[in-house]
Structure formats: structure tokens, C-alpha cells
Amino acid sequence: MKFTQFDLHDQVIKGIEDAGFEKLTPVQEESIPLAIAGKDVAAQAQTGTGKTAAFLISIFSRLLASELKTSNNPRALIMAPTRELVVQICSDAELLGGHTGLRVQAIFGGMDYDKQRQALKDGVDIIVATPGRLIDYFKQRVFAMHRVEMLVIDEADRMFDMGFIKDLRYILRQLPSFEKRQTMLFSATLSPQVMELAYEFMNIAEKVSIEPKQVAAEKVEQILYHVSRREKFALLNGLLKSEEKIERMLLFINTKAEGERLGDLLEANGFSAAVLSGDVPQKKRMRILERFKLGEILYLVATDVASRGIHVDNITHVVNYDLPQDREDYVHRIGRTARAGASGKAISFADEETVYQLPEIEAYIGQPIPSTMPIDEDFCFDYKRVARRKRIPPTVRHKSGERPQRKPGSRPRQRPTKKD
Ligand code: AMP
């Protein structure tokens, strides 16, 4: 379905044209008509499905359609769990809402305290915020919430994971009651706890479900290597040299320590890399993300938590340097490439510690990940052994046990199972 088939406000259509969108994505096709009709929507949708545009287009359409109130207080509130996500939503809103005249303001912790405060005082139409900083300004009476007509809770499941649920509930209690506002909730999973929140704070929400399987299976070329922990960097190095057209690569690791180590090894071998973990201060994080977007950094190493809200287009490759512990994280991770119609490649390494997660991941995505192994020794070991000189710690291991001494060409053809 095309956007032009919709009865959207001209000013919204102009923004959609500026963004270059023509057809609606599935989550947009299902949620926008409901939202424009004034219904509450609880949508199961991952990042990469076009969910941000789904709620932004709905908000702009509804606010432009309703009587314009002359007030400095916000008419819509979008809650998100991370600062990066807030910044991303705001930049999408600036593009899509560029012709609406609606004022959008980001509110998040870590920086610009007085600047954000002043912007709220000057008056805004739409606030995009993380919970903590918003409560801070609210308690100081910098702004009021009684005029909020629309509320969006983005990545609701992460609000729980990151411990923001108490703050979020506090905010929800300050808003007009659910019959007097419209609410949209987006979450990677509509888990019982997310649905409980929906029942408590929403007005009989219509459920929309975009299966993660579609994200995983359709557009991402997935490939798996069985490799021992000690050989992983050698394999990666070989792949980086042989892979065609790497525009941007996101590499996932399970621990901060492994991230630091991988970042150092990449840099030492001449790859422009940076590491994004919970330890990196906010300003530096944003600089790193900006440089990644601009293409000054090609290889970004990230933990799952730090990667939330990285909305960068043209990530051509995702590498699961460590296979994730959580099957849903696998889908989240590989969904960072092949966004909205583009294609992408997801390369996963299953080593002796993480291979046991493989059956569960494959069951979840409903298909085996095609595996490959023809890596010759030259290919594997052609990298600078800089670890000692650079004081890079040895491979981080999470369990005790001997490391296998296998050579790359002699990997077993059978995947180990838990019983092995
Ligand atoms: P999101 O799921 O909000 O993270 O969006 C993923 C990406 O899809 C973003 O880069 C959007 O700019 C893009 N996008 C959203 N809607 C559309 C659309 N209808 N057509 C093409 N790209 C889109």
C-alpha cells in the first residue's frame, strides 16, 4: 500500500516525501489506520520495521487534525528507554514533521540540562524523553502534562529490562486518564508484563503483531562459522579482508571486556573501529555514533544494551562475534542490517562456549543458520599478533575448561549438542 492512497494531511505527506518513503511497511499498514481512527494500539514490532515512522505519522496526523490549542505545554509525549533512541526519534521527527510546524524536543539525561529546561519553558508540542530527566523537570514544574493528547511508549520491554518501569508508571499517573488521551505502545515482545501495563494504562488496545521471524528470515543473508575462541579474531580478520563492499559493520560481543579486546585488535590491525559499551560516557557515545553514521568509523563493536537505539542505515554487515545468550537478541542484532527493504549479511561465530545457544536460536527463527567452514590456515592466521605488545588481554573466557587445540581445517562437521 502506498502513502498516497491514504487520507493524510498535506503537511505530513510532504514530510514522507522528504524521507523518500513510498510504500508502507507492514507495521505501518496495520497501525496507522487504527491510530488515525483514534484507537489505542499495542504493537509487537522490532527496530527496523518502520515503527518510529508509524507512530510519528500517527501523532502528526492526529495533532494537525484536532483543534490547535494555544498552550506551551506538550500535546504528545513519546517515552523511550535510551538516550540514543530519543535522539534518533527526534531526528526522524524533524524529517517527517518538517512541514507541520509542530515543535519537537528531546529530553534525556547526561547532558544539556539547562538547554533542555529552557526549551521546555519556551514551549513544545511533542516531547521525546527518557523517564528520569523528564520527571526531574516535571517535579520542578518546568512544564505540565495535563494537555497530553497522545502518548507513545517505545520499546516497552526494554523499559522493564532497564529498570525504568517505576519511573514510567509515575509519568503515566500524571497524564490525563486513558479515556482522555490516545496511547500507542511498541515492544519487541508483547510479554505478560508488557500487556499488564497495557491493560492498566490503555483504553482497550488493538493488538498488532509483526512477527520477528519475518525480520530474520526474509532480507538478511545469514551465515554461521564454527570456530574456537582462540581462532575467532583470525577468522574475522580474514573475513574483513575478503568480504566485498563492507559499508558499515556492527559487531556484537557479550561482555564489555571482550568488546575492549576486540576493539583493540581491530585498531591494531588497521581497521577503523570503536567500542560502544555501558562504560562509555554519553558525550563520547554520541560522537562515536555520529562518526559511525558519517562513515569515519566502519566497524562498531557493541554490547546488546549499548546497541539499543542505534538506528543507522546502511549497516551492510552484522557480526555476532559472540553468539547471544538470548534468542531474541539474535533477531534484534541481525535486524540492524537489512533495514526497511535493504539487504544485509549477518555473520555468526559459534565457539565452544556459545554453540549451545544455537539450537534455541534456530528453533526461534524457524530455520537452521547455513553454516560454512572452508577457512584455510593462511586465511585465518594472516593478522598482526599484537596482543602482547599492545597489552591486549588473552581471550576472555566465561567458563573454565580447556580450550580446544584444533586447527581451523579440522573442525568437526557435527555441531555439538548439550549432551556432548
Ligand atoms: P525503525 O523500525 O523505526 O527503526 O525504522 C527502520 C528504518 O526504516 C528507518 O531507517 C526508517 O527511515 C526506514 N523506514 C521507515 N518507514 C519506511 C517506509 N515506509 N519505507 C522505507 N523506509 C522506511
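Remember, it's 1-based here, ligands and their atoms both numbered in the order they're listed. Only this structure's heavy atoms are used, side chains among them; waters, hydrogens and symmetry mates stay out. Residue indices begin at 1 and follow the sequence shown.
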- Query: Should L24 be counted as touching ligand 1, given the test is an N or O pair under 3.5 Å?
  - Reply: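 No.
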- Task: Look only at interatomic distance and state if K23 has a nitrogen or oxygen under 3.5 Å from any nitrogen or oxygen of ligand 1.
- Result: yes
- Taking all atoms of both residues into account, what is the closest heavy-atom pair of Q116 and M111, and its distance? NE2-O, 3.3 Å
- Pairwise side-chain contact, L289 with L300, heavy-atom cut-off 4.5 Å (strictly under):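 When only atoms from C-beta onward are counted, L300 and L289 do touch, with a gap below 4.5 Å.
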- Query: Just wondering, do L251 and L236 contact through their side chains at under 4.5 Å, heavy atoms?
  - Reply: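 A side-chain contact under 4.5 Å exists here.
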- Query: Looking only at heavy atoms, is any part of E22 under 4.0 Å from ligand 1, and if so is it the side chain, the backbone, or both, or is it neither?
  - Reply: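 For E22, there is no contact with ligand 1 at all, from either part.
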- Per atom 20 (N) of ligand 1, closest listed option by heavy atom (F21, F3, F55): F21
- Message: Test: salt bridge (Lys or Arg N to Asp or Glu O under 4.0 Å). Region: residues 3-17. Which pairs qualify, not counting sequence neighbours?
- Response: none
